[in-house]
Colleague: 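Below: one structure in structure tokens.
So that the names make sense, note that chain A is the first sequence line, chain B the second, and so on, each numbered from 1. Because the structure is predicted, anything quoted here is derived from the model rather than measured.
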Protein chains: 2
Amino acid sequence: MAVPKVGMEPIRRSALVQATIAEIGAAGSLDVTVGQIARRAGMSTALAHHYFGGKDQIFLAAMRHILTEYATEVRAALAKATSHADRAAAIVRGSFAQSCFAPATISAWMTFYGRAASHPETLRLLHLYQRRLRSNLTHALRGVSADPVNDAETMAALIDGLYLRAALSGRDDHDACDAALRTLNTLIQRQS
Amino acid sequence: MAVPKVGMEPIRRSALVQATIAEIGAAGSLDVTVGQIARRAGMSTALAHHYFGGKDQIFLAAMRHILTEYATEVRAALAKATSHADRAAAIVRGSFAQSCFAPATISAWMTFYGRAASHPETLRLLHLYQRRLRSNLTHALRGVSADPVNDAETMAALIDGLYLRAALSGRDDHDACDAALRTLNTLIQRQS
DNA sequence: TTTTTTATTGATTGACTAGTCAGTAAAAAC
DNA sequence: GTTTTTACTGACTAGTCAATCAATAAAAAA
């Protein structure tokens, strides 16, 4: 009955990651059992444990996937930026891309924050994201802003804050992006 | 053995709320049992259920308590504000008050965000906080900012974002407050 | 004084869940 | 052609936890 095929590992792992995000989206929280994830991915709980070792590592893999997806979005936006001054705006636009507002992705991000406070490995992953965002912004603002380091910090926090509000209030994603771009312009154009 | 005294309800409820926040702080997450909370509050699980009905309502009461505490902090800061222009700065300072950075409070806020995505009642409470913050800021900025509504939105998001980053990275609370005040000045002083 | 209300708990239940294990079977290595 | 590796699962274990209940007792109301 069981028909094993070789080379299933990457397929199974990917299916589990996708299923995890989907389940988190459906439940709206981390209250998701390994059984639910495995069923959605079309396999037994035992197999899920076999490939990932435990629930924690399944969640961590799902979060890594979301961060990778986000990084891709930002890179795509950056590639389209022509002027040096346009790079900061591109990062903002990438951060508010459609894919970031998929219901399952929003749920995942919220649980991400909730989990980071207690789970060191999750916190490390979140710090990685925060550092990358700040570094990208600092680099983009060098030359166009009077204070690249501080302005990058401000923009990074503003992006997180606006995302949080937009994601949680079901408001228009576009408003949030516009608000961020507006502030970016204000920071750049100020006389100091 | 059991020595019941009248008028215990408010005392018990308050003790349970305090214990809930303490336990969330100790665990760093919502993975806290009613048993742990009840034990810390010095009573049986049955009594906790008796007064609150269920776990959900215990958590909700704890979150309401934290919001009340925060509102008090902001009101205290506002009372000290002299000029009209100083009111916005007061709100910022209140939002980064020492009490907001108590470990248990940080954990509670993080779980608050994580929970809001799945629990409608929790989301409503979070929206209440967001609306109040925005309204306070809009009011404070009227007359001093060229665009009070949009600037209030920006400042509200910035406060949330900076808090998130400060709380999660164990960085100096003061830096975050300074960054927010700096941006507030930039927004006010700009020529448009 | 009897009844009702309020306060309280130990013990229990019923449901759920992460992780394990023994076993089946195909493919690959030797 | 035997052995080892990889793929896979049903059934089970051991533990947890929210919520309930039956019972005790003081205080308040009747």
Colleague: Classify B/H50 by what it touches in the nucleic acid, base, sugar-phosphate, or nothing, heavy-atom distance under 4.0 Å.
Modeller: base
Colleague: Would you mind reading off the distance between B/R39 atom CZ and C/dG10 atom C1', rounded to a whole angstrom?
Modeller: 15 Å
Colleague: Rounded to whole angstrom units, what separation is found between the CG atom of A/L47 and the C1' atom of C/dG19?
Modeller: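 Roughly 14 Å, once rounded to whole Å.
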Colleague: Kindly say if B/R12 contacts the phosphate of C/dT6, meaning a side-chain N or O under 4.0 Å from OP1 or OP2.
Modeller: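 So the side chain of B/R12 is outside the cut-off, no N or O lying under 4.0 Å from OP1 or OP2 of C/dT6.
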Colleague: After noting the C-alpha distance and the side-chain angles of A/V17 and A/F59, does the key distance pass the side chain to side chain contact (heavy atoms under 4.5 Å, CB included) rule?
Modeller: CA-CA 8 Å; A/V17 164; A/F59 281 143; over 6 Å; no
Colleague: Assess B/R13 against B/F52: is NZ or CZ under 6.0 Å from the centre of the six-membered ring, and within 45 degrees of the ring's axis?
Modeller: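 Yes, a cation-pi geometry holds between B/R13 and B/F52.
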Colleague: Within this structure, what is the CD-to-C1' distance between A/E9 and C/dA27, rounded to whole angstrom?
Modeller: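 These atoms are roughly 16 Å apart.
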Colleague: Ion pair present between A/R12 and A/E9, side-chain N to carboxylate O less than 4.0 angstrom?
Modeller: no
Colleague: Just checking, is any N or O donor in the side chain of B/Y70 or B/S99 under 3.5 Å from an acceptor N or O on the other one?
Modeller: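 The criterion, which ignores hydrogens and geometry beyond distance, is not satisfied for B/S99 and B/Y70.
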Colleague: Would you tell me if any nitrogen or oxygen in the side chain of B/Y51 comes within less than 4.0 Å of OP1 or OP2 on C/dT6?
Modeller: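 Answer is no, no contact under 4.0 Å.
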Colleague: Tabulate atom names and distances for all N/O pairs under 3.5 angstrom spanning the protein and nucleotides 17-23 of chain D.
Modeller:
residue, atom, partner, partner atom, Å
D/dA18, OP1, B/K55, NZ, 2.6
D/dA18, OP2, B/V34, N, 3.1
D/dA19, OP2, B/H49, NE2, 3.0
D/dA19, OP2, B/K55, N, 3.0

Colleague: Please say which of B/L137, B/L141, B/D151 ends up in a side chain to side chain contact (heavy atoms under 4.5 Å, CB included) with B/L184.
Modeller: B/L141
Colleague: Output the single nucleotide from C/dT8, C/dT9, D/dA7 whose closest atom is nearest the side chain of B/M43.
Modeller: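 Minimum distance to the B/M43 side chain belongs to C/dT9.
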Colleague: Starting at atom CG of B/L16, determine the distance to atom P of C/dT9, rounded to an integer number of angstrom.
Modeller: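 Computing the B/L16:CG to C/dT9:P distance gives 11 Å.
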Colleague: Can you tell me if B/Y129 and B/D160 form a side-chain donor-acceptor pair at under 3.5 Å?
Modeller: yes
Colleague: Is there a donor-acceptor pair under 3.5 Å between the side chain of B/T111 and the backbone N or O of B/S107?
Modeller: yes
Colleague: Starting from P on D/dT16, measure out to CG on B/L30 and report it in whole angstrom.
Modeller: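 The answer, rounded to whole Å, is 20 Å.
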Colleague: Expressed in angstrom and rounded to an integer, what is the separation of A/I58 atom CD1 from C/dG19 atom C1'?
Modeller: 11 Å
Colleague: Grab the CD-P distance between A/Q57 and C/dA18 for me, whole Å please.
Modeller: 14 Å
